[in-house]
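I have placed the structure first, in the form of structure tokens, so that the comments after it can refer back to it.
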Amino acid sequence: MTAARDAEGQLPSPRLPAKLTAHPSVQAVLARRRAGDAARPPAVIDAAWLRELCLAAGADDAAAVSLDHPDLAGEREYAQSALPGTRTLIAMAVRMNRDNCRSPARSVANQEFHQADEQANHAARNVTQALQDAGYRALNPSVGFPQEMDHFPSERIWVVAHKTVAVAAGLGVMGLHRNVIHPKFGSFVLLVTVLVDAEVSEYGQALDYNPCIDCKLCVAACPVGAIAKDGAFDALACTTHNYREFMSGFTDWAQTVADSEDAADYRSRVTDSENASMWQSLSSPPGYKSGYCLAVCPAGEDVLGPYLDDRKSFMDTVLRPLQDKRETLYVLPGSHAREYAQRRFPHKPVKEVTGGWQPPAKRSASTEQEQRTS
């Protein structure tokens, strides 16, 4: 990686056209090189320096992993496309305030998610800038949205799979709820990744144990049955409800608007509460409808104490307020989520939606006539 130098250790001057050589900026760069001020950075980044850089930038934990790691085979093409020459991925974790995430008032939880999101993005940007200033090429993809929507729906829309990278780097293990569980901070972390074109002196090692304590509280908390005790996961049920006001739910809402005959018909399909909630998500960061699996997770050394002290109290104060909350649950027609929600949470209204995954069914002429005359 280090360029060849002459007998005095100086970088050789490149052969440039006369017109380019005469440019003041070019002359300044060449002068700095002759003065020895343009030395290349070390080919290998010091791991201790890198970790301190990440923590100072706002991360609560960080570790590096080689792009050659066998668990990252599926990431190589995308990493190289984003930053050609990528050698290392730097995984960082930013912790969240637990009681905010657990609040039945989802505006509180959503604010926490988005604030931590911003902190993680800023931390990654600062690390990227410091690496750039040190002479490396580096890049920080977004924590979540915005993503590459021009790829949707035929290709994946994320630049880097942050969870996959974090697990390979040793920042945690994927839990039953499909969130990474950090050994200290538990599920209450958001993850971000920085790509850099250099190796690091020491890479993180995958955890040799799973921080998950197999309590199954995430199973009990999920209002649409997306998490099964045996480890199965219904991603479609999860995204249809939890991401109701993100990409897919917006598509479903837009289809409802387009399919409505007039304002009265639209108001018969979308409640005032749903309308206001969609407006709020369109005018500010979109809100998650659930995230209860993360909220109730007691795993992690900093999190586990109250659960060990009094499990009944933990469930009464953390789990049951979310289970008892009266809220609309969004499910696909005829799905397992629909049956589960109606059986397990009869006090929660259930609404069938397309989820934006497919166009709504055409209404028959008789149905339209009934609606006009009713």
Side-chain angles (χ1 to χ4, degrees), residues 60-61 91-106 108-117 119-120 143-144 162-164 166-167 170-192 206-235 237-239 241-243 287-325 327 329 340 344-345:
D60 290 290
D61 198 4
M92 296 191 291
V94 170
R95 62 193 175 103
M96 295 185 286
N97 293 322
R98 297 188 291 275
D99 287 316
N100 282 357
C101 296
R102 291 168 173 166
S103 174
R106 299 318 287 166
V108 177
N110 280 309
Q111 177 175 259
E112 182 62 28
F113 295 149
H114 292 303
Q115 288 289 321
D117 230 42
Q119 182 179 339
V143 171
H162 300 301
K163 294 179 183 179
T164 302
V167 171
L171 291 191
V173 174
M174 193 78 78
L176 194 67
H177 50 13
R178 298 327 189 259
N179 295 300
V180 172
I181 304 177
H182 187 275
K184 183 177 181 181
F185 309 129
S187 295
F188 298 91
V189 292
L190 284 180
L191 305 168
V192 67
L207 294 183
D208 58 3
Y209 74 100
N210 190 343
C212 174
I213 61 170
D214 200 31
C215 65
K216 301 293 194 300
L217 290 185
C218 58
V219 177
C222 181
V224 292
I227 309 168
K229 291 181 180 179
D230 63 2
F233 183 68
D234 188 343
C238 174
T239 52
H241 175 65
N242 192 32
Y243 289 82
Y288 300 87
K289 288 295 185 185
S290 182
Y292 298 167
C293 56
L294 180 155
V296 302
C297 181
E301 293 175 13
D302 280 5
V303 187
L304 193 54
Y307 178 79
L308 297 178
D309 293 341
D310 191 336
R311 285 177 289 173
K312 182 180 184 304
S313 176
F314 185 90
M315 288 187 285
D316 286 343
T317 58
V318 176
L319 173 65
R320 293 208 169 86
L322 300 175
Q323 291 179 319
D324 294 342
K325 179 181 172 68
E327 59 188 328
L329 304 180
Y340 180 91
R344 184 68 181 81
F345 299 104

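Counting from 1, the numbers follow the sequence of the chain as shown.
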Just wondering, do [Y] and [X] contact through their side chains at under 4.5 Å, heavy atoms?
X: Leu171; Y: Val180; result: no
X: Cys222; Y: Tyr340; result: no
X: Asn179; Y: Cys293; result: yes
X: Ile213; Y: Pro298; result: yes

Please name the pair of heavy atoms, one in [X] and one in [Y], separated by the smallest distance, quoted to 0.1 Å.
X: Leu319; Y: Ala221; value: CD1-CB, 3.7 Å
X: Val224; Y: Ala237; value: CG2-O, 3.7 Å
X: Phe113; Y: Cys101; value: CE2-SG, 3.7 Å
X: Val143; Y: Ala120; value: CG2-CB, 3.5 Å
X: Gly172; Y: Leu207; value: CA-CD1, 3.8 Å
X: Cys212; Y: Ala299; value: CA-CB, 4.3 Å

- Message: Among Asp316, Asp310, Asp309, exactly one meets salt bridge (Lys or Arg N to Asp or Glu O under 4.0 Å) together with Lys312. Which residue is that?
- Response: Asp316
To the nearest 0.5 Å, how far apart are [atom1] in [X] and [atom2] in [Y]?
X: Met174; Y: Ile181; atom1: CE; atom2: CD1; answer: 10.0 Å
X: Phe185; Y: Asp61; atom1: CZ; atom2: CG; answer: 6.0 Å
X: Ser103; Y: Leu322; atom1: OG; atom2: CG; answer: 8.5 Å
X: His241; Y: Leu329; atom1: NE2; atom2: CG; answer: 5.0 Å
X: His182; Y: Asp302; atom1: NE2; atom2: CG; answer: 9.0 Å
X: Met96; Y: Leu294; atom1: CE; atom2: CG; answer: 4.5 Å

Check salt bridge (charged side-chain N to carboxylate O under 4.0 Å, His left out) between [X] and all other residues, then give those that pass, not counting sequence neighbours.
X: Lys229; answer: none
X: Arg106; answer: none
X: Arg98; answer: none
X: Glu327; answer: Lys348

- Task: Taking atom types as modelled, find out whether His177 and Ser187 have a side-chain donor-acceptor pair closer than 3.5 angstrom.
- Result: yes
N/O donor-acceptor pair under 3.5 Å between [X] side chain and [Y] backbone:
X: Asn97; Y: Asp99; value: no
X: Arg178; Y: Leu176; value: yes
X: Asn242; Y: Ser290; value: yes

- Message: Can you pull out every salt bridge (charged side-chain N to carboxylate O under 4.0 Å, His left out) where at least one residue sits in residues 211-222? Sequence neighbours excluded, please.
- Response: Asp214-Lys216
- Message: Pair Lys325, Phe345 - check side chain to side chain contact (heavy atoms under 4.5 Å, CB included), show working.
- Response: CA-CA 10 Å; Lys325 179 181 172 68; Phe345 299 104; over 6 Å; no
- Quick one: ring pair (Phe, Tyr, Trp, His ring centres under 6.0 Å) pairs with a partner in residues 289-312, sequence neighbours left out? Tyr307-Phe314
- Task: With Asn100 as reference, evaluate Gln115, Gln111, Glu112 under the side-chain hydrogen bond (donor to acceptor under 3.5 Å, both in side chains) test and give the passing residue.
- Result: Glu112
- Task: Might you confirm whether atom CZ of Arg320 has over 12 heavy atoms from other residues, nucleotides or ligands at distances under 6.0 Å?
- Result: yes
